[in-house]
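Read the structure below first, then the notes.
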Amino acid sequence: MSTDSSQAPVKWCVLGRAPRGGFEAVSVGASGTAGDPVAIAPSELAEFVGDLERTSAPRWVWRSTGAVYPELLTAGVRVERCHDLTLCHQILRNSALVRERGPLLTDPRWAEAAAPPDTPVGGSSPALFDIETAPPSDSSLDTLAESLREFTRQRAAVESASEPGRLALLLAAESAGALVAAELRAAGVPWDTAEHDRILTERLGPRPPGIDAKPEKLAGAGVIVRQALGDPSVAIDSPPRLLRALRAAGIDVASTSQWELAEHTHPAIEPLLTYKRLARLLSANGWVWLDEWVSDGRYRPVYIPGGVVTGRWASSGGGALQIPRLLRPALRADDDWLLVSADVSQLEPRVLAAMAGDRAMSAAGRGKDLYSGIVASGFIATRADAKLAMLGAMYGATSGESGRLVPRLRRAFPAAMGLVDDAAAVGERGGTVTTWLGRSSPPPEPEWQAAQAAASMPGATSRDENVARRSARDRGRFTRNFVVQGTAAEWALAWLAEIRRRLAAFPPVPAERSAPASGAVFSRLPHLAFFLHDEIIVHTPREHADAVAAVVTESAEAAARLLFGDGSVDFLLDLRVSQRADKD
DNA sequence: CGGGGAGGCGCC
DNA sequence: AAAAGGCGCCTCCCCG
């Protein structure tokens with residue numbers, strides 16, 4: 001293999017560990033491997049990757065992005081494209097588009113590596129992505145030979161697919177997502193620790209000295225609750241004991257959840273709800289969280305690309321998917337930098353309209369809030385009802401206010417509703433459904449199959465039948481939502497990948513204006529700092545903010561074209577440029 | 001004493 | 001006692 005740029009461009013470069021330490025790499029073109037593998041000493045890996053990236057920018061093929069890319073980023077090396085064998089294996093082995101999956105199933109080690117770990121790894125260790133503490137996986141797959149074999153099987157699987165183009169797009173998007181996830185962690189979310197502390201102190205009182213001591217306002221709420229209940233010693237943090245105390249005080253509740261408490265009138269209710277709110281804030285995002293997850297002005301949560309069956313990302317450690325809105329003001333750009341924040345308005349309904357080719361629903365969202373458009377269509381009276389009905393349609397509501405509204409949506413948008421209703425019917429029968437680009441739902445569990453079989457046996461009891469019916473409907477709701485949530489995740493990956501690609505082309509700002517906490521690769525460039533399902537935040541030098549905003553908008557248009565081609569569905573963004581994430 | 005389930009609640 | 005999909009993570013509490 002050579003990095004001489006006068007040769008034909010390298011298409012792929014497979015990177016793996018060498019049997020006796022270090023790494024090896026080999027280029028792969030359309031007609032197969034080119035030349036012998038080259039050996040790379042561990043200390044030379046970043047230089048090797050960086051050089052080849054500059055000369056021929058191959059698509060890097062490796063077992064796991066999370067296992068190799070963080071150290072490249074630390075060394076200042078960024079890559080444009082990759083093929084993450086573990087993530088792609090997971091998609092291909094399930095995809096209904098793949099016609100010949102046999103070869104993919106020959107080596108169970110890849111399936112095991114692709115499966116989410118049974119147990120959370122390393123507790124809340126922030127170092128999950130580091131090589132030393134990576135999830136336990138079969139290291140024998142790290143070798144170049146194994147990676148090459150698997151890559152060959154995956155290429156054959158894609159070629160066998162009924163729609164190889166879509167599947168190839170999905171694999172590219174998934175792999176780009178893996179790069180983004182590692183880069184997000186490397187760059188971190190710019191976090192204003194002082195503002196976070198102000199918010200905590202305002203609500204809870206000053207940070208108490210001991211780890212077990214309750215902040216004064218939390219303790220104060222507890223005193224009022226106990227007084228109002230007439231029970232000076234009840235342990236409010238213990239649901240069983242609190243429930244007994246509530247009932248003893250004449251409050252007829254079956255649980256201690258806030259939604260149920262809110263329906264009763266009693267002097268203890270309001271302080272109890274306050275207590276719960278404060279206790280939650282303290283335990284989930286209090287000073288302990290701040291100490292553990294924020295350092296040098298950066299919050300670095302751990303993202304798990306493809307961690308959810310639908311293709312959404314999961315997180316493990318740091319709670320990136322559950323940052324309360326209350327703390328958004330702590331998300332603050334560095335001095336002379338700005339945040340460009342964008343979320344997609346009604347992403348899932350718009351994705352559904354595009355998938356189904358539903359002209360009426362597309363029209364309802366064209367150039368405006370989709371829920372308002374539904375109101376304008378005359379079938380539903382208020383925006384709140386339109387939102388409730390749409391969520392019910394996508395989640396499979398059958399009762400309550402939401403379930404009552406869904407039939408109106410069915411009359412207004414028969415194509416869109418037909419798509420999700422069909423997906424539910426397939427799921428209830430035990431079938432699999434598939435997203436727009438080819439991610440398929442997992443087959444039913446054996447327990448599910450057994451329950452269905454038991455209900456159709458002679459002598460089945462009505463209880464058997466009820467169990468089977470309920471589990472069938474549960475699964476129908478899952479597959480109903482899977483097609484929409486999964487395709488929305490694909491749209492979001494395409495959006496992310498395009499933003500990422502375009503941001504890399506910006507001119508770096510002078511070193512004196514850099515944001516060193518964002519890491520070697522990103523300290524002088526606009527970079528993605530946060531991603532949450534349908535929402536992104538870019539941290540950018542002030543002078544690039546307007547151009548970044550344009551990039552974010554244009555990338556949404558590009559994602560829509562890439563997936564759905566014709567552009568008949570608008571994907572509107574709510575876009576803000578600001579110092580803090582919650583302000584204009 | 002650690003693991004796991006349940007209750008509860010934060011996000012989309 | 002949530003009606004309706006996908007998650008993570010905290011505390012409590014039971015159990016081996």
Side-chain angles (χ1 to χ4, degrees), chain A residues 116 118-121 123-124 128 212 214 235-243 252-264 272-273 275-286 288-289 292-293 301-304 306-328 343-349 351-352 387-406 420 423-424 427 433 435 441-442 470 473-489 492 530-536:
Chain A
D118 287 338
T119 51
V121 177
S124 55
L128 180 63
D212 292 327
K214 281 199 164 89
I236 305 174
D237 295 323
S238 164
R241 293 186 231 180
L242 176 60
L243 185 60
D252 183 26
V253 287
S255 77
T256 64
S257 61
Q258 53 185 352
W259 65 265
E260 193 178 355
L261 290 169
E263 299 190 345
H264 290 78
L272 178 53
L273 292 176
Y275 181 93
K276 281 170 163 278
R277 209 164 41 241
L278 295 181
R280 165 77 191 188
L281 175 63
L282 178 66
S283 71
N285 298 100
V288 173
W289 181 92
E292 183 170 4
W293 292 102
V302 178
Y303 293 98
I304 314 286
V308 179
V309 281
T310 58
R312 274 188 175 181
W313 290 11
S315 71
S316 169
L321 276 46
Q322 352 168 200
I323 298 301
R325 298 222 148 257
L326 176 70
L327 291 178
R328 285 298 179 103
D343 62 78
V344 193
S345 307
Q346 305 98 31
L347 175 59
E348 293 191 353
V351 159
L352 172 58
K387 181 175 182 178
L388 199 62
M390 190 57 83
L391 292 175
M394 293 185 302
Y395 295 161
T398 54
S399 61
E401 183 68 4
S402 180
R404 194 176 62 74
L405 291 165
V406 169
V420 285
V433 295
T435 61
S441 62
R470 184 162 359 102
R473 286 184 184 157
D474 286 349
R475 188 152 193 284
R477 282 194 298 276
F478 167 63
T479 52
R480 170 189 292 272
N481 187 249
F482 182 95
V483 291
V484 180
Q485 187 182 119
T487 303
F530 188 66
F531 169 59
L532 181 57
H533 306 317
D534 62 355
E535 170 185 7
I536 60 95

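Numbered from 1 within each chain, the chains take letters A, B, ... in sequence-line order. This one's a predicted model, so the numbers in the text were calculated from it and none came from an experiment.
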Exercise for the section: Would you please confirm or rule out a distance under 4.0 Å between OP1 or OP2 of B/dG10 and any side-chain N or O of A/R277? Expected result: no

Handout entry: Secondary-structure notation, DNA chain C, from Watson-Crick and G-U pairs under 3.5 angstrom (| other strand)
Key = ....||||||||||||

Practice task
List for me each residue that meets ring-ring contact (aromatic ring centres under 6.0 Å, His included) alongside A/F478, sequence neighbours excluded, and say none if there are none.
Solution key: A/F482

Problem - Interatomic distance, A/N285 CG vs B/dC11 C1' [rounded to whole Å] - result: 11 Å

Practice task
Give a yes or no answer on whether the side chain of A/T479 reaches the backbone of A/A423 with a donor-acceptor pair at less than 3.5 Å.
Solution key: yes

Handout entry: All side-chain contact (heavy atoms from CB on, under 4.5 Å) counterparts of A/A397, not counting sequence neighbours
Key = A/S402

Exercise for the section: Over all heavy atoms of both residues, which pair between A/A393 and A/V420 is shortest? Give the atoms and the distance, please. Expected result: O-CG2, 4.0 Å

Completion exercise
Hits for salt bridge (charged side-chain N to carboxylate O under 4.0 Å, His left out) against A/R328, two or more places apart or cross-chain, chain-then-number order -> A/E535

Exercise for the section: Rounded off to whole Å, could you give me the NZ-to-C1' distance for the A/K214 and C/dC10 pair? Expected result: 14 Å

Exercise for the section: Sugar-phosphate means primed atoms, P, OP1 and OP2; the rest is base. With that split, encode nucleotides 2-7 of chain C 5' to 3' as B, S or - using protein heavy atoms under 4.0 Å. Expected result: BSBBBS

Exercise for the section: Scan A/R325 against the nucleic acid and name what it touches under 4.0 Å (heavy atoms): base, sugar-phosphate only, or nothing. Expected result: sugar-phosphate

Practice task
Determine the Euclidean distance between corresponding P atoms of C/dA4 and B/dG4; express it in Å to zero decimal places.
Solution key: 31 Å

Completion exercise
Letter by letter from the 5' end, nucleotides 11-16 of chain C scores (B base, S sugar-phosphate only, - none; protein heavy atoms under 4.0 Å) -SS---

Problem - Gap between atoms CZ and C1', on A/R280 and C/dG8 respectively (whole Å) - result: 9 Å

Handout entry: Nucleotide B/dG10, atom P - distance to CZ of A/R328 in whole Å
Key = 15 Å

Under 3.5 Å between N/O atoms: give me all the protein pairs with nucleotides 1-3 of chain B, atom names plus distance.
none

Practice task
Can you sort out the partners of A/L261 under side-chain contact (heavy atoms from CB on, under 4.5 Å), two or more places apart, ordered by chain and number?
Solution key: A/L246, A/V253, A/I269, A/L272, A/L273, A/K276

Handout entry: Qualifying salt bridge (Lys or Arg N to Asp or Glu O under 4.0 Å) pairs with a residue from residues 477-489 of chain A, counting only residues at least two apart or across chains
Key = A/D421-A/R480, A/D474-A/R477

Completion exercise
salt bridge (charged side-chain N to carboxylate O under 4.0 Å, His left out) filter on A/D212, not counting sequence neighbours, yields none

Exercise for the section: Have a look at A/I323 and say if it touches a base, only the backbone sugar-phosphate, or nothing, with a 4.0 Å heavy-atom cut-off. Expected result: sugar-phosphate

Exercise for the section: Drop me the distance from A/T487's OG1 to A/L352's CG, to the nearest 0.5 angstrom. Expected result: 9.0 Å

Practice task
List for me each residue that meets salt bridge (charged side-chain N to carboxylate O under 4.0 Å, His left out) alongside A/R312, sequence neighbours excluded, and say none if there are none.
Solution key: A/E348

Problem - Counterpart residues, salt bridge (charged side-chain N to carboxylate O under 4.0 Å, His left out), relative to A/R475 (two or more places apart) - result: none

Completion exercise
Shortest non-hydrogen pair, A/W289 vs A/G318, comes out as NE1-O, 3.3 Å

Fill in the blank from the handout: Of A/V308, A/L321, A/L347, the one forming a side chain to side chain contact (heavy atoms under 4.5 Å, CB included) with A/H533 is A/L321

Practice task
Between B/dG5 and C/dA3, how far apart are the C1' atoms? Round to whole Å, please.
Solution key: 24 Å

